[in-house]
Structure formats: C-alpha cells, structure tokens
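Take a look at the structure below.
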Amino acid sequence: MEAMMWEGVMELTKWAQEKKTDPLLWSIQVSAALNSAGVSLPSVDLAHRLVSYICFDNHVPLAWKLLEKAMAVRILPPLLALSLLSTRVLPHRHLHPAAYALYIDLLNRHAFSLSSNIHFPNYPKVMASIHHSLRFSQLYSSHDPHPGLVLVHLLFTLVSQLLEASLDDEGLLQHKPRWIARFPDSDVDNMLIDASPNHTKDTLHRKNTAMAIETISLFLHHKVTSRILSLVQRNMPAHWGHFVHQLQRLAANSTVLRSLKQVTPDSLLPLNFNSAPGIKGLSSEWKSTPKLELSAVMAGSCAVQSCNDNWSSLWLPIDLILEDAMDGNHVAEASAVEVLTGLVKALQAVNGAAWHCAFLGLWIAALRLVQRERDPSEGPVPRLDTCLCMLLCITTLVVTNLIEEEEGELIEEAERSPTNQRMDKQALGERRGELVISLQLLGDYEDLLTPPQSVIWGANQAAAKATLFVAGHSGYLEYTNVNDLPTNCSGNLRHLIVEACIARHLLDTSAYFWPGYVSAPFNQLPHSIPNHLPSWSSLMKGSPLTPQLVNVLVATPASSYTFLFPEVQARGCNGSLAEIEKIFEFAINGSDEEKISAATILCGASLVRGWNVQEHIVFFIVKMLSPPVPPKYSGTESYLINHAPLLNVLLIGISSVDSVQIFSLHGVVPLLAAVLMPICEAFGSSVPNVSWTAVTGEKLTCHAVFSNAFILLLRLWRFNHPPVEHVMGGAATPALGSQLGPEYLLLVRNCMLASFGKSPRDRVSCRRFSKMITFSLEPLFMESFPKLNIWYRQHRECIASTCSTLAPGGPVSQIVEALLSMICKKINRSAQSLTPTTSGSSNSSCSSLDDALMKLKVPAWDILEATPFVLYAALTACAHGRLSPRELATGLKDLADFLPATLGTIISYLSAEVTRGIWKPAFMNGTDWPSPAANLSIVEQQIKKILAATGVDVPSLAIGLSSLLSLDESFFVSSIYPFLAFLSLTITYKLDKTYERFVVLAGPSLIALSSGCPWPCMPIVGALWAQKVKRWSDFFVFSASATVFHHSRDAVVQLLRSCFTSTLGLGSACIYNNGGVGTLLGHGFGSHFYRGITPVAPGFLYLRVHRSIRDVMFLTEEIVSLLMLSVRDIANSGLPKGEVEKLKKTKYGMRYGQVSLAASMTRVKHAALIGASFLWISGGSGLVQSLIIETLPSWFLSAQGLEQEGAEPGVVVAMLRGYALACFAVLGGTFAWGIDSSSPASKRRPKVLGIHLDFLANALDGKVSLRCDCATWRAYVSGVMSLMVSCTPQWIQELEVGILKRMSNGLRQMDEEDLALRLLEIRGISVMGEVAEMICQSR
C-alpha cells in the first residue's frame, strides 16, 4: 500500500509538471494524499523522492518550483531538502550552473528560518535523516547525536561547501575537495546538461560564485547562524581552523570578491574572527539586558581606573600577597612564583585588563614593597634583601611564567594543527610585547624607582652597561670602574629589572635603546682603567680558585653585567648561569678544598643578591646537599659521612633568615627538606669518634653536622607553633597538624616532581634551567628515614601527653643520667638531686664530668630520645627548690651547647608543658626570675599607640596589663615554670653569627608560645628582650601588639573594619581620606620617621597578625558584614549617617546624581576585592569554600543585610549589595582555585561550585524560600554568572551538564536570555545541540 501511495504521489508530480499545474494546487493535492495515507508532515520520504526526481532527469524550472513550494508549505523538511540538494548540485555545478543558482536561492530562502524547523513534530527524525544523508558519523565522528548537534553540523557543512566551491571555481583550492566531491555520481554522462553558449556559462559561473560568497557572508553575519557557527569555533577547533584557513585564502585572493559592492574582504574576515567570544560578535542584533550591561561595568573597570589615581587599587591583592610573603617567621612550602602567577592571571581576567596593565600592576606592587623597606628598622628578621629578591627575581619569574605559558600553548596548538604547521622553537606570543610596553611605562614612576642605598652600586652598574653598549664599548665594562663613569650613568631599579628580564631571555639588548633608558651616551672611555682584579670573568677564563678569587666571588654576586664570552653565547646561556655552572663543576669534580670553596661561593652574595640566577642557585645548592653515591661503595656507614665538611659549609651558609626565606619564595622548601632528612638520618646515627677541621679551624663532629641539618629542617615546617594550634581550628586548620609536619613536605615534594614537565609551560621553561641539575623522581616517605620517624613520633607524643615513666638501667636511662651529670657538674651541683626518683638511679650517677662526656659519645638520635626526661627532671627540681631558676637556665643552655639539636626538643617539650597548666606559678621579681618592670609601662604605651592608630580599642587587655603594674614589680603569671625557663634560655644566647641559626629557631618559637599564653605574657617577653637588645625594642613592641588579636575577636573585626575604611576612603571623619594601597599598607614598620615607634597602617598590621588568630572560621561572616556596610557607605557617598539622613530621599534611596552608578560599581568592586583578598590570605581555600557553601546561602536565607540597618534599603543599594557579593564570591574563588586547572586546589573547585549552583538553581525554581531583597538576589545571580562566563569559562566547563541546564532555565526566567545562552555555549560539545536550539528560539 505504501509503495502504491508513493507511486501515486510521483505520478501526481509528473502530471503537474506536464500540465504546468500551479505549484500551490499541487502542494495541496500532495498534502491531502499524504494525510489520507497517515504520513506525518513534513515528510522525510517526500524530500528524498522529490530531490531524486529533479536531479537531474527532471532538471526543469517547474520541477524546481514544485520543490520550492513543498519547502515553503512544509510538506517536506526544508533543511533535509537543502542537505540532499547539496550532495547532488555542488559536485555538478559546472554542468548545471542553473541548478547551482537555484540551490543558492533556496539556501537563502530557507536556511535562515530555523525556528520553525525545530518545532516540527518529527524534528528528531528529520535531523537523523540529515545525519545519515550527509554522512556526519564519518565526517564529525558523531554517532546517534542530539538533533541540535546535527543542526550545527548541517549549517557548518553548508557554508563550508559554499566556501570550497567558491575557491575551486576561482582556482584557489590547494587540495582535493573535501565537501563537494564526497558523493560521486556514475551517471554523469546520461545527465541533462544546461545548454548555453560558453561565454554565457562563464558569466553564469562567475555570477554563481558571487552569489555563493554573498551567502557565505550572510551566514557569518546573520544573528542566528553566526552564533550557531561560533559553537563550531569554540568546540570543534580542528574543523574551524581549516575553515578559517580557507576563508582567509578566499579573502586574500578572490577576484570575484573584490568586484562585489556589498561584501568586502574585511567584512568577510572581521578582526575578531578568531577571538574567544566567537563570530557572534559580528551581529549587532544581539542585545544585552540592562543588568548585564551593569555587570559589564563591574567587570571592565580597568579602562575607567586607568585614568585616575586609584588605578593601582585594581591590583591590590598583589600588594597584599607580596607583603604577606615577607613574614620572616613563616616558611611556606608553596612557591611564591606560582601563587603570584595564578593571582596575576585571575586579576587580569576579572579586571578585563590588557597584559601590559597586569605586568605594570605587578611591577608597581613589587616596587612599593621595596620602598617600604628602603630604611628598615633593626630587628632579628631582616627584610630588605628578601624584598629585593621579590622584585628582581620572583616578580620577573612570574612574568617569565606567564610568557612561557602562552608560548607553550602556541607550540602545542601548532603541533595539533590540522595543517601540521610546526612553530619555531622560539614561539613568540603577544605577552612578550606587552612586557616591553609595561617596562617602558614603568619609567614614568621615578619616585618608586629610586634604589635603596645597598643596591645603588648595582643599579649604576646596570646603567653603565647599557650606556657602554649604546656607545659601542660593551666589552670594556669589566675593566671600568663605575666611579670613573660620567654622572649620567646613575641607574635606578628599572635598570635592574630590565637586566633581570634580559638574563631570562624575555628582552634583548634593544631595550637599551628605549627613549630615556640611558642618558646621552658618551664616546670617550674613562682615562684611568684600573689593573685587572680577580672577578667572575677571571673564573670563566680558567683562573684557579685561589683564596683571593674565592673571597671576591663570595662577596660579589654572579652577574650578567660582565661581557659575554663567545663560548657562553654558543651554549645559549646568559653569563650568570654559565658562571654558576662553572662553580658547580668544581663542586662535583674538584678537590676537597675546591668543593668547599665552591659551596662557600654559592652560599655567598650570589644566593642572597644574585637576582639574575637565584632560581638556579637554590637548585644547585639542593643538588650539592645530596651528593651522588660513589660507585661500588660498600662501607658500613652512610657515604654522606665522608662529605661532612662540604655539607656543613652548605648547611651553615643557607641557615640565615634571608636564605631560608629565599628558598621558601622559590618553592624549594619541600626539595630542601627531602635532602636534609638523609643527612639527619646518617649523621644522627653516627657515633662521634671521628672529627674534621672546619673552614673556621674548629673541630667538626657528626653531632655538629647533625645539629645544623636538624635545626634547619625544623625551621621548614610549623614546628615553632604552640601545641594548642594542633588540636583546634576549623576547616582552614587541619586537625592534629596533618599538614604541618615533615610527612606533608615529602608529599608536596613527591607531587612537585611527579607533575613537572607535563604542562606546555614546563616544556618551554625547561630550556632556561641548567642541564646539570637532575632530581630523582622516586617518591620519599617518612618510613624511608626510620630514626627521624621515631623522633617525630616521640615529638608528637610529648605534645599529646606527659613523659612516661623511664625504666631504670636501660640505655636511655644511662644517657639521661649522663646528661644530668654533665649539666650539674658545670653548675657545681650534685646530679643526685636532679635524677628522676627511680630505683637504682642514685647509685649510677657519673663520678666526673669526663665520665659523663664519655658516656655521651653516642648517636645524636639517642640523646634526643633522652632529652625529654632530662627536661622533666630539671623542671621538677626547680619547682621543688633543688635548682634555682638561674641554674635551670644555665643548665638548659649547657645542654643546647653540647648538642644544639636538643634545642628543638627543649622547645617542643617546654611549649607542651606550658599548655598543660600543671606547674606552680612563680614571681618575676628580678631575683628568681628576670623582671620586666623597668620598661613594661613603656611597652604598654607603645602597644596602645599602635592599636589606636589602626582604630582598635580593647579595654580588657589594657586593664589586665595595668593590674600587673600595681604589684610592686612582682609579676604573677600562671604556668610559668616551663614558660619562664624557655624565656630565660633565649635570653642567655649571644647575638652573633655563631648562634644566629639557633636564635632564629628559638625566637619565633618563643613569640608563638607567648602569643598563646594568657595576656600579658608577650608584652613581658617584649619588655625583657628590649632590655637585652635595645635596638630591637620596636620589633618586640610590634610583636607584643600583634598578640592582642590572638586573644580578642573583637580586635580582629575592628582591624578589618579599618582596612576597609582606609582603602576605600570612607567617611569624612576617617583619618584615611585618600584611600588606596598607600593608606592600607603605609610605609611598613619602623621608627625612622618620628620619635619612638611609628604607628603602622592597618593592612600591614593585619598581615602580621592573621596567622595568630585562634579560629579563622568566624572571619567569613564578619567580612561579609563589613562588605555590606561598605556598600551602604559607598551608595551614600561615604558620608556619615547623620548627613545621609538629611539628604532628600527618593524611591531609589539616593538623590539623583548624588553618586554615579558606574563610579559606585567601581568602588563596590574594590570593596569586594579587599574582602576577598583578606579572606583568602587569612584562611586559604578552606575559608573560600566555607563562604560559598555555607555563609552566602545562609545570608540569603536569613536576610541579615536588612536587619543590620533596621530599615528597607533603596533599590540601588540592594542591587549594589548583590553585585558586591557576586564579586566577592567570584574573586575569592579565583584567588583560591585560579581561573584554570594549573593549581592543585582547582581539583576541589567543581564540587564546591556544583553545590552552590545547586542552591541557586533550587532558589530560581522556587524550591527554596529567600528572605533577602529581590533586587539583591537578582543582582547576585546575574553578577555571579556574568563573571563566570566572562572571566572564568573553565569553571563552567568543569561543571555537570544538568546543573548548568537548570541554571540556564532559571536565567531565562529572569529575562537573562543572552547570559543563559553563553552559559551553555561555554560548556562545550556536550550541550552544543541544546544551545543551538535555544539560539534558534531566542527572541
């Protein structure tokens, strides 16, 4: 029956063609016949049969009219008919130019009316037929696709066919046709051929090509089709790249295109054709909603800010992170380079800034850091060298990372390109040129470029190098005394920055010719050229490491300012790296004396101030701390013992505060810890029977090497923090210190080595590093170091509980008695009075000090195991009066002098005992224990001054200190025996180079411990140490004032409020009227401007105290509250509340014109930037996760914002609040997780965002009842999604399709149709079909 029905339909068609029936009448008859047969319309079978009927046996005008009418009245699917025609007409367009013209005409009539097509009842069947007919499963590797995906493939195929045909018609096709020759027809000879004269056919061919090009242009400019094609650009890069390549060829070479009036090469190939948003930007018909335009003001404020004084506020988080990294008491395992790289990428995306703006913001922030420290106050933690390292090395490496990342991606993209066009090894991206622009603009900031006194010589040397190079005398620099050069060779910090960039191949010497970079070059060399002295160039020319040369190289950093020798240039290295590699060769292959000289040189000025090679030096030192195992080594002891003198030089050389901080900034702490552990394991297990002569001439034992390595290892993790911190805190503080110990450092080390080299950036950056540096990829665990692991377990047991009873007569008991005897003999006391009361212990005491020392010739690990029992005995004796406090302090010092490694156990044991609170109180009367009475009142006044200057008032703490002052110089403090023993021990240390590496462990530990003790322990510590070292009094007063925030949450909130008001310049009575970074961070810390200590800025103070806050979880809600208050003040022009109430109010809650909405949006974004920065710095990704999952949903559900004011806010204020929270959430996420997947923290991002978007979708679906203002909610939802779409598209790509579809539906209900489309567009090919259908149905 079906065959008969179709036979009747085709007979009806033939009859209509013969009788020249009106096509409309024919269509009615065919429709009636199909309906009576139960065939659903539009009919897929009719399309196949009618196209086959026409092509080409019935290629006559009336047949084409019948086809067009069938498409118009929808008795057959137009898109299916077009797809079938394309496979038949385009391959034979030269034989049938009229058919080709008719096909293009049908394409223009029906290919752009897509909305009606997707509403066909048999739409899925139609698209499946198209998929099969055009063989999309072969072409696009898509099997059983979504109908919308077939629609995308169809439009792209149709326009690609036209493009290929046009190129072929003009002889521009370079390869065999892909689109128009896939459907061969073997019956060509039997076809009806259009009979026309040759010149007429040529004209028709040219006309057809012109029509095809115009249709291509229409596809690219039409509102609907252009946006659908943008999906191909985003999700099918291989196909799109070939399409663009062909389009560019057509635009460049087509003579037909140049003859057209409506279409030009420029319009066919617009400037933004390859941009990320896609070609949808061509159509002016897409309009954003007003709310989306408002969020665009928020996201694109860089252009607004670039022309006023607050431009640098956009990059405020960089200033905060740089300053936070300068906390010398904190050793971070994460690289500052990586942290800053992610931060700069996030800010560049969120600010919508050009890369030269981002680079300039980074340089300026680093320069401000240095200027805050140009005249530093004295203290135990020097900062200037670390600040210069941050400016001239870390910041330069951040820029290097960003440039190498782009170029690595370009190389990888070229390798994946279908045209297989491999890029050169030195692929250049746009960021390299943006760097040049930023450094040229940097020259305008002369005040920031003034070098500190200590680097003036280096800056002048850099300027002299450029001047000599421009003058053509570059080879004479090493022979020229800078003092002999003209005065116009004076340099600044920009000269040093440029040299750092040249050393890393970011710039070349063409930078010397920038306008204003050098003063007028001179043509005459200085008259006096001094005799050639030993220098780095002497080393490169083959000079041996004589003592004179070693002294010079230790004091002079390796530098690329010297002339580059041809052999160095041939190796593609800068001079500095070649010099360091030369030294490393001595360390590997030289004599023992040369090895020690090489170690001394590497740990000298090149480590601290070798800014051009610092990232290489830290790796060389780590490598030298792990010498290779000698071939066929078979000794019973570790092979490391034979390297004791070399290792000791390295350990002492990198033990300074600045050196450890430099290792921390470069992210090498996990690698350093991993090489220190084998040293500790080997030397701590060795009996000190052998000694060596150190460089200083003193005898060196394995105990000394072990102590230096062990103490340095302790400084690399949060060893010095009091035990109470290991058992409290929220999500931001791991329970039981799980991320605070050596096992965590090993885990980070294993991950670092396993992941390096896998990213495109790593492939490029590997070129910079020396080929002489290699590390074993074998993972390490604590079980690899059994002795260290045993000590670490004992350390944690001491934190958790008191010492267990010691069995008498055992090896540990004998060492305990020997240690007590040694201590007692030195202080002329009987050991019996101090020995723990265990049976038999009193009869086994040593008879003499020599006997005790002989018994202590045991491995250091055994001594450390016995130390807690010695400390318990000594404290007990002191508490019962058998040992005076002064003798206790002396005994502890003798113990630490005998084996300095015991200082670590002393610190952990005494700290744990303080937190237990089981010891009797004692009086600090100046007799038994030292008294702080002499200057405690001065310390109190200075603390009040610091707090008052930052707007903090904590009366309860002042009362507590005043009550002590009334005790007639006798100070009562609870749990003081262990605390005062520790304090007294630290005071006994001399402040010289010999003890520096021990003091830098004990000092921060004392500060951390006293911060956790009841007030006013820390002011007492500050007062006593200020008596010992008066020049450090400012440092101790500042540390004491920071302790206030450990005890008072209210003080923390007050300080944060001051940070907001100072930065935003809110309130006419505010002492920080101008606002900005300068008022937030001030001039740093010191007393060099006024008499006495200078009050510090609130932001600077917060960055020094946030690590001592007991539980940071409360900060999330507090920062949200402060942000909302700041938004209110911004909307009210920052006026005091009383003045605002006097203003004439309107229904919008503000006077018209009182505040520009755009300006308010900019300030709101700054407020959100401040809040997100402090939230991230305070608690990391844990606090950001808490904000997004818990705090924000609770805020919307509880309407806290309305309750705070007690009145209904205006619509504008409510809307600004929503956008402030949106900025706050997205900025916090970008800081914590980054905008891409390069950060390990980004792995948690999809889960957190999925939970939050599920809450938003439930609220949009009406499943959750909100109590916040409707305008606030709408602004928040549209703001968050707008920022994610425009700034963090990769976040969207990681989310589940289901939640994105729900959010898209919710946004469409909010009349945010364009935003809803963009959201799904970004998700990728998995929702491309749904997006295409939404585009077709959009208004």
*Just by modelled atom types, is the S1194 backbone N or O under 3.5 Å from a matching donor or acceptor in the S1198 side chain?*
yes
_Sub-4.5 Å side-chain heavy-atom contact between S1242 and D1236_ = no
*Is the backbone of A1051 close enough, under 3.5 Å, to the side chain of S1048 for a donor and an acceptor to pair up by distance?*
yes
*Taking side chain as C-beta onward, heavy atoms only, is I1119 less than 4.5 Å from I1170?*
no
_For I1188, run the side-chain contact (heavy atoms from CB on, under 4.5 Å) check against V1280, V1248, V1226, T1116 and tell me which one passes._
V1248
*Nearest heavy-atom neighbours spanning A1259 and V1264*: CA-CB, 4.1 Å
_Is there a side-chain contact between W1176 and L1227 in this structure, where contact means two heavy atoms from C-beta onward sitting under 4.5 Å apart?_
no
*Calculate, to the nearest 0.5 Å, the distance between atoms CD and CD belonging to E1190 and E1117 respectively.*
9.0 Å
*asked:* Return the CD1 to CD distance between I1235 and Q1290, rounded to the nearest 0.5 Å.
replied: 8.5 Å
*Any sub-3.5 Å donor-acceptor pair from S1126's side-chain atoms to A1167's backbone N or O?*
no
*In sequence, state the C-alpha distance, the side-chain angles, and the governing distance for I1189 and F1255, and then conclude on side-chain contact (heavy atoms from CB on, under 4.5 Å).*
CA-CA 9 Å; I1189 292 181; F1255 166 75; over 6 Å; no
*Give a yes or no on whether the backbone of A353 and the side-chain of Q348 come within a donor-acceptor separation of less than 3.5 Å.*
yes
_Between V1112 and H1106, is there a side-chain heavy-atom distance shorter than 4.5 Å?_
no
_Working to the nearest 0.5 angstrom, can you tell me the gap between T1162 OG1 and L1169 CG?_
12.0 Å
*Looking at the rings of F1196 and W1273, which for Trp means the six-membered one, are their centres under 6.0 Å apart?*
yes
*Answer yes or no: is there a donor N or O on one side and an acceptor on the other, between the side chain of D324 and the main chain of L320, under 3.5 Å?*
no
_Pair R796 + E743, salt bridge at N-O below 4.0 Å_ = yes
*What's the shortest heavy-atom distance between C1223 and L1283, and which atoms?*
CA-CD1, 3.9 Å
_Sub-4.5 Å side-chain heavy-atom contact between L369 and E373_ = no
*Okay, side chain of E333, backbone of Y744: is any donor-acceptor separation there less than 3.5 Å?*
no
*Does a side chain donor of either R1244 or S1181 reach within less than 3.5 Å of an acceptor in the other side chain?*
yes
_V1077 vs W315, side-chain contact (heavy atoms from CB on, under 4.5 Å): CA-CA, chis, key distance, verdict_ = CA-CA 9 Å; V1077 179; W315 314 101; over 6 Å; no
*If every non-hydrogen atom of H1166 is compared with every non-hydrogen atom of L1064, which pair is closest and at what distance?*
CB-CD2, 3.9 Å
*Has the side chain of D1254 got a donor or acceptor atom that lies under 3.5 Å from a matching backbone atom of G1250?*
no
*Work out which heavy atom in A1168 is nearest to a heavy atom in A1220; give both atom names and the distance.*
CB-O, 3.6 Å
*Quick one: list whatever passes side chain to side chain donor-acceptor pair (under 3.5 Å) with R1049, sequence neighbours left out.*
none
_Nearest atoms (heavy-atom pairs only) where S1062 meets P1098_ = OG-CG, 3.6 Å
*Closest non-hydrogen atom pair, V1105 against L1055*: CG2-CD2, 4.1 Å
*asked:* Could you measure the distance from the CD atom of Q942 to the CG atom of L947? Nearest 0.5 Å is fine.
replied: 12.0 Å
*asked:* Would the distance check show the side chain of R372 and the main-chain N or O of G1082 forming a donor-acceptor pair, the cut-off being under 3.5 Å?
replied: no
*asked:* Measuring only between side-chain heavy atoms, which start at C-beta, is L1103 closer than 4.5 Å to L1081?
replied: yes
*Measuring from E1118:CD to T1191:OG1, what's the distance to the nearest 0.5 Å?*
11.0 Å
*Using a 4.5 Å cut-off on heavy atoms from C-beta on, say whether the side chain of L347 contacts that of T1230.*
no
_Worked check of side-chain contact (heavy atoms from CB on, under 4.5 Å) between C1013 and M1018_ = CA-CA 8 Å; C1013 290; M1018 187 58 213; over 6 Å; no
*asked:* Could you check whether any side-chain N or O of T1043 sits under 3.5 Å from a backbone N or O of S1011, counting only pairs where one atom can act as donor and the other as acceptor?
replied: no
*Hey, is the main chain of L1197 close enough, under 3.5 Å, to the side chain of R1267 for a donor-acceptor pair?*
no
*Just grab all the side chain to side chain donor-acceptor pair (under 3.5 Å) pairs involving residues 1095-1104, residues at least two apart or on different chains.*
E323-R1104, Y1102-S1178
*Note: D953-K944 ion pair, threshold 4.0 Å (strictly below)*: no
*Do V1127 and Y1219 touch side chain to side chain, with heavy atoms closer than 4.5 Å?*
no
_Nearest-0.5 Å distance that lies between atom CD1 in I799 and atom OG in S908_ = 6.5 Å
*Partners of Q1054 by side chain to side chain donor-acceptor pair (under 3.5 Å), sequence neighbours excluded?*
D1050
*F1038 vs L1101, side-chain contact (heavy atoms from CB on, under 4.5 Å): CA-CA, chis, key distance, verdict*: CA-CA 9 Å; F1038 180 75; L1101 180 59; 3.6 Å; yes
